[in-house]
Amino acid sequence: MAEPYNHAQVEDKWTKIWEEHPVNVNDGKRPKYYCLDMFPYPSGAGLHVGHWRGYVISDVWSRYKLMNGYYVIHPMGWDAFGLPAENYAIKTGQHPSISTQKNIDNIRRQVKQIGAIYDWDMELNTTDPKFYKWSQWIFVQLFKKGLAYEKEMPLNWCPSCKAVLANEEVVDGKCERCHSEVTKKNLRQWMLKITAYADRLLDDLDALDWPEKVKKMQTDWIGRSYGAEVDFPVENRDEKITVYTTRPDTLHGATFMVLAPEHDLAKSLATDDQRDAVEKYIAEAANKSNVDRMQAKEKTGVFTGSYAINPLNGNKVPIWLSDYVLADYGTGAIMCVPAHDDRDFAFAKKFDLPIVQVIAKDGKEIENMEEAYTEAAGTMINSGEWNGMESAVLKKEAPHIVEEKGFGRAKKNYKLRDWVFSRQRYWGEPIPIIHCPKCGAVPVPEKDLPVVLPNVESYQPTDTGESPLAAMDEWVNTTCPCCGAPAKRETNTMPQWAGSSWYFLRYVDAHNNDALVDREKADKYLPVDMYIGGVEHAVLHLLYSRFWTMFLHDIGAVDFDEPFKKLFNQGMILGPKGVKMSKSLGNVVSPDDMIDNYGCDTLRMYELFIGPPQQDSAWDDSGIEGVYRFLCKVWNLVLDNKDKNAAETKDLIRLRHQLIDTVTTRLQGFNLNTVVSAFMEFNNKLSKMDVDKKTLEAYVTLLAPFAPHMAEELWQQLGHDTSVFKEKWPEADKAAMQEDTLEIPVQVNGKIRATVSVAADAGKDEVLALAKEAVKDRLTDNIVKEIYVPKKIVNIVVK
RNA sequence: GCCGGCAUGUCGGAAUGGCAGACGAGGAAGACUCAAAAUCUUUUGAUGGCAACAUCGUGUGGGUUCAAGUCCCACUGCCGGCACCA
């Protein structure tokens with residue numbers, strides 16, 4: 001009998017050996033494969049078994065690629081700037097630079113326990129000035145191309161985080177991170193013109209090998225629509241009000257118009273007798289929070305007293321104000337067609353405004369309309385020269401018709417807004433801009449980068465909308481790089497998303513001081529072939545990264561414009577009762593305990609076995625026991641058989657090739673939970689046999705990506721003095737996989753009634769004869785149909 | 001409200017339209033043991049039957065097919081995304 005499996009001993013041994021002799025090195029001969037994890041932010045809580053899952057999946061995939069002859073780029077780093085790190089520092093009373101370093105050290109220790117083939121020479125940290133020098137450099141390039149600009153506008157303000165938020169960071173009117181209600185604050189902020197890339201961000205999605213769900217989310221977020229702008233002259237005045245509509249076909253039905261309370265003309269359109277009411281409404285709207293505005297059940301509004309002229313039919317339409325019209329989408333003004341839009345319908349009902357149907361529903365006009373008819377399907381009515389046209393056709397033609405008539409033009413619009421890029425917090429990359437009274441905003445010259453974040457004692461956020469850096473006079477006061485006059489540094493910092501928007505480019509040239517990445521290395525090793533992480537980044541990080549990569553492509557820094565060819569979203573590991581793991585619920589399972597009790601290899605395999613990798617799964621302590629038992633059985637099976645010199649029987653050869661085929665197919669389909677099942681079934685079958693050495697070797701080789709320490713140990717015990725990871729991934733021989741005899745189920749009228757054994761090469765007639773004999777009691781004289789699906793099933797249909 | 005996804009034993013889950021419930025967990029019985037743990041063996045969807053076996057069974061109702069967990073239609077429930085974007 002072999003020594004029982006001692007996971008600690010085996011794993012310690014191979015951890016040391018691999019540290020001295022890494023199994024994945026670049027020999028310059030093999031093609032590259034870049035398999036990347038979304039890098040973690042080093043929180044004080046450390047990793048739980050949920051974080052592990054993605055890292056295990058990516059390591060299994062990396063090792064599989066390694067054994068298929070690739071040089072695998074598989075790096076790890078730390079996303080260490082940003083609010084979570086800073087809040088943790090404030091809570092624990094340590095300077096963020098100190099607590100961040102401590103957290104990184106702890107998480108690095110935990111990540112190393114995964115036993116992954118990470119290349120630690122590539123390790124990076126977004127708070128390292130050598131790294132963020134290049135985040136700043138990218139900002140300067142964006143500025144030079146006019147894609148970074150300053151703007152004063154009402155912004156999402158989180159009173160708890162004391163910082164502005166990008167639209168992407170507001171969820172249900174609340175702060176994505178701390179769930180406080182978001183308010184509006186008028187601030188001058190740095191914006192990045194992501195909208196300039198809206199079409200490319202949208203159109204390039206098609207070609208990406210990403211989950212459809214994520215592509216859909218990005219598509220909806222960008223929210224492109226096609227329609228027209230139409231100019232409505234204001235009665236008795238020189239102004240025109242321009243509206244955006246996706247339904248210019250319904251222009252004849254526009255019976256009133258509504259402006260956002262923030263619209264430039266809102267105040268001036270008020271007539272004398274309406275002035276008080278208008279000003280009151282505008283003031284009220286300004287005070288409403290996002291949440292109030294979103295949750296409004298009833299439409300509110302006020303009539304300005306003014307009228308506009310419908311440019312198509314010359315009708316007078318009253319101009320109203322209402323906060324259901326968004327100031328920052330389209331033109332901040334809409335034409336209202338209550339008969340064919342739910343919101344306009346509700347507004348018209350509430351304020352008793354006329355409703356004119358212009359598309360016939362089921363060929364006729366609706367009597368006593370109770371809800372809007374919103375389909376673009378039907379014949380036009382009440383529409384003058386457009387009467388009789390099909391609305392679906394007209395919808396497409398109308399933008400060009402209004403263009404020809406001279407009061408409108410075709411127009412695309414997007415829900416996507418420009419990216420609010422500055423934060424009023426300490427723990428971030430300083431924005432490399434100097435404000436000069438004469439020259440305006442001037443970028444810090446590239447030779448002076450990085451602008452190092454000064455070490456301050458007081459880094460608490462302020463309520464004023466100013467960064468804590470603003471209080472550091474000796475840092476703020478500088479000279480203008482253009483004219484030499486006294487000038488002030490920009491005191492806002494970048495958001496957490498800055499470093500993560502490009503870090504994946506840096507790993508392949510992590511120590512370069514002259515460029516963010518050497519172009520030759522970029523061409524050779526980039527982009528990322530496989531990106532693995534949680535779905536929570538579907539729009540934020542993944543959209544920002546795509547934007548920055550496209551920009552870097554456009555300025556010639558890299559030669560590709562999509563950073564991640566393939567994306568895989570792993571599901572979360574939930575607590576034992578199926579709820580999210582959290583400290584407050586006390587249901588966090590630490591990998592440290594699991595490793596002590598069962599070892600790294602067991603935890604790796606259990607993380608895979610727990611369920612389909614893309615699906616959330618609840619942690620179950622007795623589940624990991626089962627995997628541990630399995631690995632003990634593998635250990636015993638290999639070591640008990642290794643010196644037996646058992647004959648290589650046909651059965652063993654067949655089972656071996658079936659295993660190779662199953663494991664390879666399932667691995668390629670990312671069905672990793674069923675790969676583990678396949679190993680278990682194989683082990684169960686072999687435990688009753690004497691197993692030959694070739695089969696043992698194939699088994700250990702296939703197990704290597706999953707349980708690398710055990711596989712390496714068993715490989716050595718089988719008499720090898722090189723690493724199992726130098727082995728080529730085995731190939732299945734289809735012919736050897738074939739069974740000699742097959743068990744064929746026999747159905748009568750679709751119900752299984754018997755099973756017959758036939759030779760694998762038996763012909764149809766032979767099988768059918770055997771089948772009919774087996775179920776002869778159930779057959780009548782009237783056989784309607786005889787079906788034989790080769791090697792699968794027989795079905796005999798009788799009357 | 002709109003747009004996605006999912007629904008299978010006691011539990012996690014498995015099934016290119018072809019034997020539903022692989023594999024694991026849990027349960028039950030047995031072996032070993034003074035005993036327990038560990039380990040090993042057998043068993044484990046429901047109902048009826050001593051048994052062979054039969055009938056039912058993949059959220060609900062219908063349909064296509066020789067054959068449906070799988071395809072189509074309608075519905076219900078849960079999860080996720082968006083949410084006054086004109």
Side-chain angles (χ1 to χ4, degrees), chain A residues 4 171-173 211-225 227 243-248 250 254 257-258 260 293-297 299 322-326 328-337 340-344 346-347 374 413-417 535-536 538-539 578 605-606 609-612 614-627 629-630 632-633 636 665-666 669 671 673-684 687 743-755 784-798:
Chain A
V171 177
D172 288 335
E212 286 307 316
K213 179 184 169 166
V214 175
K215 292 204 224 179
K216 180 85 171 54
M217 280 167 70
Q218 293 211 354
T219 303
D220 291 348
W221 190 261
I222 296 165
R224 181 166 60 195
S225 69
V243 303
Y244 172 71
T245 177
T246 55
R247 297 294 303 277
T250 63
M257 61 196 307
V258 176
R293 227 168 133 152
M294 273 167 48
Q295 285 174 347
K297 287 182 191 88
K299 296 262 182 290
S322 175
D323 65 6
Y324 85 87
V325 175
L326 304 176
D328 57 352
Y329 179 78
T331 62
I334 60 170
M335 67 174 209
C336 296
V337 185
H340 304 287
D341 181 278
D342 291 325
R343 297 148 304 181
D344 299 347
F347 196 83
T374 56
N413 250 321
Y414 307 88
K415 292 187 190 176
L416 183 71
R417 311 290 151 88
V535 75
E536 65 272 16
V539 280
M605 286 201 104
Y606 179 58
F609 188 59
I610 192 167
Q614 56 277 83
Q615 195 175 296
D616 293 351
S617 298
W619 183 265
D620 176 8
D621 277 333
S622 56
I624 195 170
E625 294 266 4
V627 174
R629 277 175 217 152
F630 162 67
C632 290
K633 288 181 203 168
N636 293 334
T665 310
R666 292 182 181 179
N671 299 315
N673 54 327
T674 59
V675 174
V676 181
S677 314
F679 283 131
M680 288 172 167
E681 279 178 81
F682 181 75
N683 208 88
N684 290 344
S687 66
E743 297 292 314
I744 302 287
V746 182
Q747 297 182 327
V748 178
N749 291 343
K751 280 195 165 46
I752 305 285
R753 296 300 182 186
T755 317
V784 181
K785 212 168 185 179
E786 296 172 1
I787 292 148
Y788 173 52
V789 182
K791 303 186 185 211
K792 282 269 163 72
I793 202 162
V794 172
N795 191 9
I796 296 163
V797 184
V798 298

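Sequence lines set the chain letters: A, B, ... in the order given, protein chains first and strands last, and positions in each chain run from 1. Everything quoted here is computed from the prediction, not taken from an experiment.
- In this structure, A:Asn636 contributes its side chain and A:Cys632 its backbone to a donor-acceptor pair below 3.5 Å.
- Using Watson-Crick or G-U wobble geometry with both donor-acceptor distances under 3.5 Å, B:G57 finds no partner in any strand shown.
- With no hydrogens or angles considered, no side-chain donor-acceptor pair links A:Tyr606 and A:Asp621 at under 3.5 Å.
- The separation of B:A15 from B:C71, taken at their P atoms, amounts to 14 Å, rounded to a whole angstrom.
- When the P atom of B:G80 is taken as reference, atom CH2 of A:Trp221 falls 17 Å away, rounded to whole Å.
- With a cut-off of 3.5 Å on both Watson-Crick or G-U wobble distances, the partner of B:G17 is given as none.
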Q: Go along nucleotides 16-24 of chain B 5' to 3' and tag each nucleotide: B for a protein heavy atom under 4.0 Å from its base, S when only backbone or sugar atoms are that close, - otherwise.
A: B-BB--BBS

Q | Under 4.0 Å protein heavy-atom contacts per nucleotide of nucleotides 5-10 of chain B, with B for base, S for backbone only and - for none | A | ------

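- With a cut-off of 3.5 Å on both pairing distances, B:A52 has no Watson-Crick or G-U wobble partner at all.
- Annotation: B:G57 and B:A7 have their C1' atoms spaced 16 Å apart (nearest Å).
- Side chain A:Lys299 to base B:C84: a donor-acceptor pair is found below 3.5 Å.
- Between B:G45 and B:U41, the distance separating the two C1' atoms is 23 Å to the nearest Å.
- B:G62: glycosidic angle beyond 90° from 0, hence anti.
- Across all strands shown, the partner of B:C23 is B:G12, judged by Watson-Crick or G-U wobble contacts whose two distances both fall under 3.5 Å.
- Map A:Val539 and A:Ala618 each onto its nearest nucleotide of RNA chain B; the residue landing nearer the 5' end is A:Ala618.
- When each of B:C56, B:C84, B:A83 is scored by its nearest atom to the side-chain atoms of A:Tyr324, the top-ranked nucleotide is B:C84.
- Between B:A14, B:C66, B:A86, one nucleotide has an atom nearer to the side chain of A:Lys785 than all others, and that is B:C66.
- Side-chain contact between A:His340 and A:Thr374 is absent, with no heavy atoms from C-beta onward closer than 4.5 Å.
- Nucleotides B:G59 and B:C66, compared at atom P, are 24 Å apart to the nearest Å.
- Pairing for B:C82 is with B:G1, a Watson-Crick or G-U wobble pair whose two hydrogen-bonding atom distances lie under 3.5 Å.
- Ranked by how close their nearest RNA chain B nucleotide is to the 5' end, A:Gly750 and A:Arg753 are led by A:Arg753.
- Pair check for B:C32 finds none; no Watson-Crick or G-U wobble contact set falls under 3.5 Å.
- Checking B:A86, B:C82, B:C66 against every side-chain atom of A:Tyr244, the shortest atom distance belongs to B:A86.
- Pairing partner, B:U76: B:A7, with both Watson-Crick or wobble hydrogen-bond distances short of 3.5 Å.
- Scanning for ring pair (Phe, Tyr, Trp, His ring centres under 6.0 Å) contacts around A:Tyr329 gives an empty result, with sequence neighbours left out.
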